[in-house]
Each structure stands twice: as structure tokens, then as C-alpha cells.
Amino acid sequence: MSFVFKSIFPKVIDNHYQGAKLSQYLFYFLTAVTLWRSQHHLLAADGGAQSIATIPLNTFSSGATSTIVGVFALWGLSQLLIAFIYLLVSIRYRSLIPLMYIIMIVEYAGRLAIGMYKPVVTAGDAPGALINLPMVLVCFSALLGSISRRVSQ
């Protein structure tokens, strides 16, 4: 079990990634997606609330609409901060990719749990809600891949 711990929390944080290449390239792709999502929530007129999440903003008062768009922008800022950390790991600290997959798993599992506990009313199927469980599974598989070569060494 210590090899798993050492893979997730390496003694030396450097650019030496030892896991499966597929997990590495998937991490780069998910970093790009996170960067795109964050800027969309920050810059889109509706914060992505209606255009992506299908929240029927046009049925709410202007105050409620402004609040929802503002909350989506704040969420975008949080996503941008984590995306910058992912980008830094992609460029300079690749040995932390397994730890970043743990963070992704917690994020998507948390979204799934919060969505069940506090559902958001939408006009359709919001992509974010549909993707949470598959992302937990994908990120868990990628985590296993990211520590696979370390296990065999």
C-alpha cells in the first residue's frame, strides 16, 4: 500500500511522470476542458446557466437571474484557479498527476452527491449533471493508470 501513497504523494515533486501515457494525455485533455469551462462561466453573458446548464433563466425575475449568473461566474473563477493548478502540473510538476486525479474524483463525486441532495431545476438534461458519474469512473481508471508503472517498479 505504501507504493500507492508514494505515487500520490511523491517525496520529490518534479516533472518525472511514471504512469501510463494514456492517463497523462487524458489529464492534459481534462485540463484543457477545465480551462474552457472556467472561461465560459466567467465570460458568457448567462454564465453558461441557460446556454449549457439549461436553467430556465427567462422564467425568473431579473434579480434572480442576476444572482444565478453571478454564482456561475464565481464558480467559473473557482474552476479557473484549479485549471491553473492543473496547467502548472501539466507543464512543470507531472509527478503530481496522480494527486490531481484524486482531486478530480472528489470534485465530480461531490458534484454528483450535491446534485442528489440539492437538485437544480433545469429545462433539459444539463451536460454537467449527466457527466458526473462517468467522470468519477474515468478519473478513477486514469488514477489507476497514473500509478500503474510505479506499482510495477
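Both backbone and side-chain heavy atoms feed into the values below; hydrogens, waters and symmetry mates do not. For this chain, numbers begin at 1 and follow the sequence in order.
Other residues, nucleotides and ligands contribute only 12 or fewer heavy atoms inside 6.0 Å of the CZ atom of F140.
Considering only heavy atoms from C-beta on, P56 comes within 4.5 Å of N58 through its side chain. Inter-residue side-chain proximity for R94 and Q24 is flagged as met; some heavy-atom pair is nearer than 4.5 Å. Annotation: side chain of F84 is not in contact with side chain of L88 (no heavy-atom distance under 4.5 Å). Between T34 and R37, the closest side-chain pair of non-hydrogen atoms falls below 4.5 Å. Side-chain contact between S51 and H40 is present, with heavy atoms from C-beta onward closer than 4.5 Å.
Shortest non-hydrogen contact noted between L57 and I68 is CD2-CG2, 3.7 Å. Residues Y17 and S146 share a closest heavy-atom pair of OH-CA, 3.2 Å. Nearest heavy atoms, S7 versus P10: O-CD, 4.0 Å. L26 approaches V138 most closely through the heavy-atom pair CD2-CG1, 3.6 Å. Closest non-hydrogen pair, A142 versus S23, comes out as O-OG, 2.8 Å. Counting all heavy atoms, side chain and backbone alike, L99 lies closest to I8 at CB-O, 3.5 Å.
Note: Y101 and F27 have perpendicular aromatic rings, judged against thresholds of 30 and 60 degrees for the angle between ring planes.
The main-chain N or O of D125 is never found under 3.5 Å from a side-chain atom of T122 such that the two would form a donor-acceptor pair. T65 contributes no side-chain N or O that, together with a main-chain N or O of S62, makes up a donor-acceptor pair within less than 3.5 Å. When atom types are taken as modelled, the side chain of S38 and the backbone of L35 share a donor-acceptor pair closer than 3.5 angstrom. When atom types are taken as modelled, the side chain of S95 and the backbone of D14 share a donor-acceptor pair closer than 3.5 angstrom. Distance alone, capped at 3.5 Å, places no donor-acceptor pair between the T54 side chain and the Q50 backbone. Panel note: side chain H41, backbone G47; a donor-acceptor pair is recorded below 3.5 Å.
In the hydrophobic clustering, where aliphatic and aromatic side chains (Ile, Leu, Val, Met, Phe, Trp, Tyr) are joined below 4.5 Å either directly or transitively, I52 groups with W36.
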Practice problem: Evaluate the side chain to side chain contact (heavy atoms under 4.5 Å, CB included) criterion for residues Y86 and L30: first the C-alpha distance (whole Å), next the side-chain angles of each, then the deciding distance (0.1 Å), finally the verdict. | Solution: CA-CA 9 Å; Y86 292 164; L30 294 175; over 6 Å; no
